[in-house]
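Atoms within a ligand are numbered from 1 in the order they appear, just like the ligands themselves.
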Amino acid sequence: MIADLNEKTLDVVVPVFNEAESIRTFHARLRKTLAALPLSRWRVLYVDDGSSDDSGAILEELAAADPEVQVLHLSRNFGHQTALTAGLDHTQADVVVTMDADGQHPPELIPEMLELHQAGYEVVLTQRIEAEGAPRMKRWSSHLFYRLLNLVSGTKVVPGAADFRLLASDVVQGLRAMREYHRFLRGMIAWMGYRTIILPYREGTRIAGSSKYTLRKMMRLALDAAFSFSLVPLYLALLLGGMFLVLALAEVVYVSALWLSGNRAALAPGWSSLMFMLLIVGGTLSVILGLIGIYVGYIFQQVKQRPLYLLRRGAGGGTARASGQHEHREEGPSCDGG
Ligand code: UDP
Ligand code: MG
């Protein structure tokens with residue numbers, strides 16, 4: 001049995017975007033698991049990430065029926081990583097678990113995660129064991145993504161790591177201090193260090209609906225991971241530029257040699273080689289400029305110091321049952337941004 005849990009409090013943060021068909025089933029499963037734990041207090045904090053279906057209303061319904069449930073409504077769809085951030089900003093417990101609302105992260109794993117935390121780990125990550133049913137394309141792209149990321153980044157990220165994890169309150173505090181605009185939580189948590197353990201799990205199937213991670217959102221996450229975690233792309237650009245510079249020098253040497261050896265007939269046309277060099281140099285410069293441009297863009301977005309998300313409160317939105325200190329906390333991320 002889990003020792004000393006009865007002195008601990010637990011918050012579970014669940015980002016929700018258009019999951020109307022899944023939430024009730026998911027909540028029933030989560031609630032059953034949590035109610036069986038000998039915690040001093042637990043709470044589920046749903047973050048409605050600007051859903052356009054009935055998710056918001058269903059969450060309010062759950063909150064009205066269940067004092068352990070609270071809901072944050074974001075003013076629009078800010079994306080999974082930001083929704084998670086909003087949730088984490090509003091936790092108060094000793095231990096926080098984050099998980100998806102679609103049933104792919106089995107709530108039944110939470111007791112085991114807590115046990116590992118009791119054993120002294122401040123971060124319990126989970127790692128999907130490849131499901132046989134998973135689409136080959138998704139498996140392959142995820143594999144490639146982590147290979148490349150770990151190649152370019154000094155901070156190592158566990159391959160197949162999910163945003164299903166347990167964080168001790170210190171770790172959550174650390175995350176709160178990191179107000180970067182482009183957020184790749186897996187990398188940020190890896191960067192912080194702390195005693196970490198990886199718990200493998202079998203991913204469940206989605207309760208209903210389809211993935212809310214569109215190709216566009218996935219690409220954005222991949223870019224955020226690559227460019228907000230390393231300067232290696234810039235070095236690569238430098239390397240690429242250097243390589244073509246060497247090629248150009250080689251060309252000069254070659255042409256000079258032909259010239260000096262009197263073999264000038266070979267040079268007469270000239271046009272194709274000239275064009276070739278022109279294109280190569282132009283292309284290389286564009287690549288380098290493009291990479292620099294991405295970093296400048298990232299810097300631009302960061303220096304604006306905008307809040308990472310905005311909450312909707314009052315009639316029809318916002319969590320009516322938010323406690324006093326909760327109300328107070330809600331002010332935090334919207335205005336201080338850091
Ligand atoms: N989600 C979100 N905002 C988004 C996209 C997704 O809050 O813009 C939530 C979604 O409701 C789910 C979790 O993030 O609870 C993971 O999304 P999904 O299951 O669609 O991703 P996948 O499992 O396919 O990677
Ligand atoms: Mg999912």
Side-chain angles (χ1 to χ4, degrees), residues 12-30 44-59 62 69-90 96-107 109-110 125-131 133-146 149 157-165 181-186 201-225 308-312 317:
V12 181
V13 171
V14 189
V16 174
F17 178 56
N18 292 348
E19 304 280 7
E21 299 157 280
S22 310
I23 300 170
R24 285 184 223 268
T25 315
F26 168 80
H27 183 69
R29 258 175 80 186
L30 178 62
V44 185
L45 183 55
Y46 287 104
V47 183
D48 170 17
D49 185 14
S51 297
S52 53
D53 66 357
D54 290 338
S55 299
I58 295 173
L59 290 176
L62 289 177
V69 175
Q70 290 190 343
V71 190
L72 291 176
H73 297 274
L74 302 190
S75 61
R76 64 168 169 87
N77 180 235
F78 280 90
H80 185 211
Q81 302 290 300
T82 306
L84 277 170
T85 303
L88 287 168
D89 284 345
H90 291 81
V96 175
V97 169
T98 63
M99 64 195 301
D100 292 354
D102 59 0
Q104 286 186 300
H105 297 164
L109 210 66
I110 294 176
L125 304 177
T126 64
Q127 183 178 29
R128 303 191 278 279
I129 305 169
E130 292 297 352
R136 193 169 273 219
M137 188 59 201
K138 189 141 189 173
R139 259 195 293 173
W140 183 82
S141 62
S142 150
H143 197 76
L144 183 74
F145 169 69
Y146 284 108
L149 182 64
V157 177
V158 187
D163 282 303
F164 179 25
R165 60 174 86 83
Y181 179 85
H182 291 275
R183 303 179 80 75
F184 180 60
L185 289 171
R186 276 160 242 183
Y201 77 103
R202 248 173 230 296
E203 190 168 63
T205 46
R206 232 179 190 285
I207 296 171
S210 57
S211 173
K212 304 298 178 291
Y213 252 96
T214 54
L215 189 63
R216 208 184 131 109
K217 280 180 178 167
M218 237 151 70
M219 296 280 289
R220 230 182 78 179
L221 186 69
L223 287 178
D224 281 353
L308 298 174
Y309 53 85
L310 295 169
L311 297 175
R312 176 183 301 136

Gln81 (side chain) donor-acceptor with Leu185 (main chain) under 3.5 angstrom: yes
How about Tyr213 and His80: are their ring centroids closer than 6.0 Å? yes
Salt bridge (charged side-chain N to carboxylate O under 4.0 Å, His left out) partners of residues 96-107, not counting sequence neighbours, each pair once: Asp102-Arg206
Got an N/O contact under 3.5 Å between Phe17 and ligand 1? yes
What residue and heavy atom of the protein are closest to atom 3 (N) of ligand 1, and at what distance? Asp49 OD2, 2.6 Å
Decide whether the shortest distance between a heavy atom of Met99 and an atom of ligand 1 is less than 4.0 Å. no
What protein heavy atom is closest to atom 24 (O) of ligand 1, reported as residue, atom name and distance in Å? Ser211 OG, 2.5 Å
Among all protein heavy atoms in this structure, tell me which lies nearest to atom 9 (C) of ligand 1, with the distance rounded to 0.1 Å. Pro15 O, 3.8 Å
May I ask you to identify, for Glu19, whether its side chain, its backbone, both or neither come under 4.0 Å of ligand 1 on a heavy-atom basis? side chain
Tell me whether the Mg ion (ligand 2) has Asp100 as a neighbour, meaning an N, O or S atom of it below 2.8 Å. no
Sub-3.5 Å donor-acceptor pair from the side chain of Thr98 to the main-chain atoms of Asp163, do we have one? yes
Donor-acceptor pair, distance only, cut-off 3.5 Å: does the side chain of Ser75 make one with the backbone of Leu311? no
Counting only heavy atoms closer than 4.0 Å, does ligand 1 sit against the backbone of Asp100, its side chain, both, or neither? both
What I want to check is whether the side chains of Lys217 and Asn77 have a donor and an acceptor closer together than 3.5 Å. yes
Do the rings of His105 and Phe164 sit parallel, tilted or perpendicular, given the 30° and 60° boundaries? parallel
Under 4.0 Å from any heavy atom of Ala101, which atoms of ligand 1 are there? 15 (O)
The protein heavy atom nearest to atom 20 (O) of ligand 1 is Lys212 N, 2.4 Å
Answer yes or no for Lys217: is there a heavy-atom contact with ligand 1 below 4.0 Å? yes
Out of the N/O/S atoms in Asp102, what is the name of the one closest to the Mg ion (ligand 2)? OD2
In this structure, which one of Leu30, Leu45, Val96, Val69 forms a side chain to side chain contact (heavy atoms under 4.5 Å, CB included) with Val12? Leu30
Would Gln104 count as a contact for the Mg ion (ligand 2), in the sense that one of its N, O or S atoms lies under 2.8 Å from it? yes
Heavy-atom nearest neighbour in the protein, as seen from atom 18 (P) of ligand 1, with distance rounded to 0.1 Å: Arg206 NH2, 3.5 Å
Atom 25 (O) of ligand 1 [closest protein heavy-atom partner, distance rounded to 0.1 Å]: Lys138 NZ, 3.6 Å
Measure from the side-chain N and O atoms of Asn18 to the backbone N and O of Asp53, and report whether any donor-acceptor pair falls under 3.5 Å. yes
Any donor-acceptor pair under 3.5 Å linking the side chain of Asp48 with the backbone of Ser51? yes
Short version for Asn77: what comes under 4.0 Å of ligand 1, heavy atoms counted, is side chain
Under 4.0 Å from one or more heavy atoms of Val16, ligand 1 contributes atoms 7 (O), 11 (O)
Cation-pi between Arg76 and Phe78: NZ/CZ under 6.0 Å from ring centre and within 45° of the ring axis? yes
Sorted by chain and number, sequence neighbours left out, ring pair (Phe, Tyr, Trp, His ring centres under 6.0 Å) with Phe26 holds for none
In the protein, which heavy atom is nearest to atom 21 (O) of ligand 1, and how far is it? Tyr213 CD1, 3.4 Å
How far is atom 14 (O) of ligand 1 from its nearest protein heavy atom, and which residue and atom is that? His80 CD2, 3.1 Å
